[in-house]
2 protein chains.
Amino acid sequence: MRPNKRDELVRNALQVFYRDGFHATGMDKLVAETGVSKTSMYKHFRTKEELIVAALRLRDENFRNWFYGRIDALAETPAQKLLASFDALGEWFEEDGYRGCMFIKAGAEYQDKDHPIHLEAAEHKRLLLEYFTDLARDAGAREPEKLGCQILLLKEGAIVTAVLLKSCDPARDAKEAARVLLANALPV
Amino acid sequence: MRPNKRDELVRNALQVFYRDGFHATGMDKLVAETGVSKTSMYKHFRTKEELIVAALRLRDENFRNWFYGRIDALAETPAQKLLASFDALGEWFEEDGYRGCMFIKAGAEYQDKDHPIHLEAAEHKRLLLEYFTDLARDAGAREPEKLGCQILLLKEGAIVTAVLLKSCDPARDAKEAARVLLANALPV
DNA sequence: GCAAAAGTTTACCGATCAGTACACATTGAC
DNA sequence: GTCAATGTGTACTGATCGGTAAACTTTTGC
């Protein structure tokens, strides 16, 4: 198997979808921007939808690898990691090409809850919730499911707000909120 | 009064855009679903973009009127109102046609920060931030800007999570988080 | 009552949409 | 060297995109 061109296609398509959106990106634009012929695209993926799902799978892998890795580099204990996740987010927000969360956008453009693209977005969020809940449990929180969900709420809120508002610093305020919630969730 | 077709158009178009998305909704579909002829549409709005902006303005008015009114009906003091906002959100999440925040979706489909549609979405969030910050100040918070932003983060996070995750109760967890943050923000 | 404003139907424009057909080129394994 | 997989370019489909033109009908203000 030589999946060279296929991977290259998915990698480049991911960039274009993230930058321009899903409906706003036509297959002809993908031909121009990925350097892969349309014939070849449709040999690997029967529909645009399948290509989007593949791009989202790659995005999930890339993002969580980066996120978890950055957190591990910034903190040691589970409690520290919960807070460090907002430092990682803050770095992300400052990147030039920052355009929000690809899965929120995917869920927004494909709203039908049974749609494969929507399901892919939901699975990404489920994995993040699981990650935060595990950290909360390891940190010794009384109700790890609740704290994990609250950390997730702060993260999603910060991502959205970082896109739409210039007047506040979501990563910083979210981190301080997380610190308060964490302290409150630990047994006395 | 005057049975203005323009208002009827904007009202119906708003429903369709919210339900199906912006790029996914063509002008021909709007003709079919609003009962307004295409000629008449283009007499009121020169472009689809202008119609979307008008729909977003109406949505902003409708949503904030409902949101503020519901909060006023549920609570009396500023501190109570900050918490009651999550009860209002919880009611919204349970509605049949709940499809997330129209402005988050608008910002996601029109990502250019100078785009009129993106600006409209940003303005909506700015008004909500102002509202929460005012409540935080009236409640006696030490740093009302910070608490206001944190409440906003919880709200946006809850809206997004309510769309993508079935396994948790964002409105409840967000409210409990807000309670902790509020208590922590009040002077001893 | 009557003219203007507002709305309608129908047909059309060029561009782009997702997706296909076909002939030809490049590559790798044996 | 050859076969077959994998790639390419070009041209095409029917549908839909946002937007327009022209002729006709309804509603409204005075």
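Lettering follows sequence order; numbering is per chain, from 1. Bear in mind that the values here come from a model prediction, so they are computed numbers and not experimental data.
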Item to check | Contacts of type salt bridge (charged side-chain N to carboxylate O under 4.0 Å, His left out), residue B/R70, not counting sequence neighbours | outcome: B/E91
Checklist outcome for this item: Sorted by chain and number, sequence neighbours left out, side-chain contact (heavy atoms from CB on, under 4.5 Å) with B/E50 holds for B/F45, B/R46, B/T47
Checklist entry - Looking at DNA chain C, which of residues 107-119 of chain B put a heavy atom within less than 4.0 Å of it? => result none
Next on the checklist: Going by ring-ring contact (aromatic ring centres under 6.0 Å, His included), name the residues that satisfy it together with B/F67, two or more places apart in sequence or in a different chain.
Outcome noted: B/F63
Item to check | Residue list, salt bridge (charged side-chain N to carboxylate O under 4.0 Å, His left out) with A/K155, at least two apart or on another chain | outcome: none
Item to check | Under the ring-ring contact (aromatic ring centres under 6.0 Å, His included) test, residues paired with B/F103 that sit two or more places apart | outcome: B/H124
Item to check | Which residues share a ring-ring contact (aromatic ring centres under 6.0 Å, His included) with A/Y131, sequence neighbours left out | outcome: A/Y68
Item to check | Protein-to-nucleotide contact annotation, 5' to 3' order, nucleotides 12-20 of chain C [B base; S sugar-phosphate only; - none; under 4.0 Å, heavy atom] | outcome: -----SSBB
Next on the checklist: Applying ring-ring contact (aromatic ring centres under 6.0 Å, His included), can you list everything that pairs with A/Y98, at least two apart in sequence or on another chain?
Outcome noted: A/W92, A/F93
Checklist entry - Who are the salt bridge (charged side-chain N to carboxylate O under 4.0 Å, His left out) partners of B/D72, not counting sequence neighbours? => result B/K81
Checklist entry - End-to-end bend of the helix from C/dG1-D/dC30 to C/dC30-D/dG1 (five-pair axes, 10° rounding)? => result 30°
Item to check | Set of salt bridge (charged side-chain N to carboxylate O under 4.0 Å, His left out) partners for A/K113, sequence neighbours left out | outcome: none
